Amino acid sequence: HQPWPGLIEAYRHRLPVCDTWEPGWAPVTLREGATPLLPATALSELTGCDVHLKVEGLNPTGSFKDRGMTMAVTEAKATGKKGVLCASTGNTSASAAAYAAIAGIECAVLVPAGKIAMGKLAQAVMYGATIIEVDGNFDDCLELARKTTATFDTIALVNSVNPVRIEGQKTAAFEIVDALGKAPDVHALPVGNAGNITAYWRGYSEYFADGISGSRPRMLGVQAAGAAPLVNGAPVKDPETIATAIRIGSPASWNQAVAAKDESNGQFRAATDEKLLEAYRLIAKTEGVFVEPASAASVAGLLAATADGWIEKGSTVVCTVTGNGLKDPDTALSSLPEIARVGIDPVAVASAMGLTE
Ligand code: F0G
C-alpha cells in the first residue's frame, strides 16, 4: 500500500507538468486531493436522488484551492519565480500562503478590506504571507494582482486565471468518476470567479473523451443572489452576500463557465443568503459536514432544482462542498442558541439534554 503522493504525482500523466521547467523540479505538495465522496443519506432521502458530497474542506488548507495551488506554486518554483501573488476572498490566499511557505518563496495576498472570514486571515498570517488589504472588492483585487504581475515578472500570479490552477482543480472530477464508477447525472457547485466550474467540466470532459466515463453530468452552477452575474447575464458592480468567498461581481472565467453550462445542458441558479444559510445548517445537522456558507450553495441549488423538477428523482447528484466551516466561525456563531450553564450536577446535564426519563 503506497501512501497518497498528492495530486501531481497521482495524475501526472493528465497534468501539464512541463519539460521547460528547471531540471530537477519537484512537486510542491501538501498531499492535497483524495478527498472523501460522502454518500449524503439525509439529502438523498429529502430529494429522492442519490446525493453525494465531495468534501473539499478536507484538503490541507481546508478548501479545493489546494488542488490548483500545488500546480501553480510548483510551476512558480520550477520556473524560478521569487514570489507568488493572488487576489482572494480568503481561501486562495490561505492556500497560496501555505504552498509558498513550503516552497520557500515569498507570498503576498490582496484581500478586500474587512470582507474575508476570520479563519482564512488567520491561516494566511500563520503561513507567513504578506497580507495586503485593498479598498475595494475581489474584482478590484484581481485587477491589481494582474497589473502587478504583468509589471514584475519575478512574481507569479496564482489566481485561477493562471491555466495550471484549472488543470490541478480538474482532478476532483477524476476522483468522483473513479469513486462512483461513472459520471453523476448532475454536478452542483458554488460559482464565484468561475474557475472551479471550468475545471470540473474539463475533468469530466477528459475522462469522457478517453472513454473512462460514458457520459458527462449537467453542471449546476450556483451563485449568491447578491453576487450572481452569471445568472443575471451581466457583471454586478457591488456584489454583496454573507457568503464572502463568492462575493464576486465579474468572474474571470466567465466564458468558460458559460461554455460548461451550455455544453452540459446545465444551469446557473441564484440562492438568497437565507437559502444559503438554511442549506449551511442542514448539511451540518443532517450530514455531519460543517462547511463554510459559500459551500452550501451547491446544496441550496440541489434543493431548489429538485423542488422545481430540473433534477429528476432517481438522479445521481454530486454536490461539491468547497470549504471547511471552521474558516468562518463568526457566521456559525451568529445564530448561537441559548447555552445552558450548570453546576457539577448530572441531573441538570440530563435535563439540558431533554433526556431525564
Ligand atoms: N467556494 C469557496 C469556499 C471559495 O472560496 C470559492 C472561491 C468558491 C466556492 C468559488 O470558486 O471562484 O472557482 O468559482 N474563492 C476564491 C478565493 C475566489 O479567493 O478564495 P470559483
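Read the numbers this way: they start at 1 and go in the same order the structure lists the ligands and their atoms. Nothing here was measured: the structure is a model prediction, and the numbers come from that model.
- Counting atoms of ligand 1 from 1 in the listed order, those under 4.0 Å from a heavy atom of S88 are 17 (C), 19 (O), 20 (O).
- If you check each of I166, N193, I116, T322 against atom 1 (N) of ligand 1, the one with the closest non-hydrogen atom is T322.
- Residue-level proximity to ligand 1 for I246 is carried by the side chain, the only part with a heavy atom below 4.0 angstrom.
- Among all protein heavy atoms, the one lying closest to atom 13 (O) of ligand 1 is N196 N, 2.8 Å.
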Before giving the answer on side-chain contact (heavy atoms from CB on, under 4.5 Å), spell out for Q123 and K327 the whole-Å C-alpha distance, their side-chain angles and the decisive distance to 0.1 Å. CA-CA 9 Å; Q123 288 180 288; K327 286 168 173 279; 2.7 Å; yes
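- Of the polar atoms of S295, none of the N or O atoms is found under 3.5 Å from an N or O of ligand 1, judged by distance alone.
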Steps toward side-chain contact (heavy atoms from CB on, under 4.5 Å) verdict (T35, R67): CA-CA 11 Å; T35 55; R67 293 181 184 273; 3.2 Å; yes
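- Judged by distance alone, the side chains of K115 and T89 never bring a donor and an acceptor atom under 3.5 Å apart.
- When only interatomic distances are considered, the shortest N/O to N/O separation between T92 and ligand 1 falls below 3.5 Å.
- Contact atoms of ligand 1 toward G195: 13 (O), 14 (O), 21 (P) (distance under 4.0 Å to a heavy atom of the residue).
- Within the 4.0 Å heavy-atom shell around ligand 1 one does not find L189.
- Residue-ligand proximity: S63 is placed with every non-hydrogen atom at 4.0 Å or more from ligand 1.
- Atoms of ligand 1 found under 4.0 Å from any heavy atom of I248 (numbered from 1 in listed order, with element): 18 (C).
- Scanning the protein heavy atoms around atom 11 (O) of ligand 1, the nearest turns out to be F64 CZ, 3.4 Å.
- Checked by distance only, ligand 1 and A194 come closer than 3.5 Å through their nitrogen or oxygen atoms.
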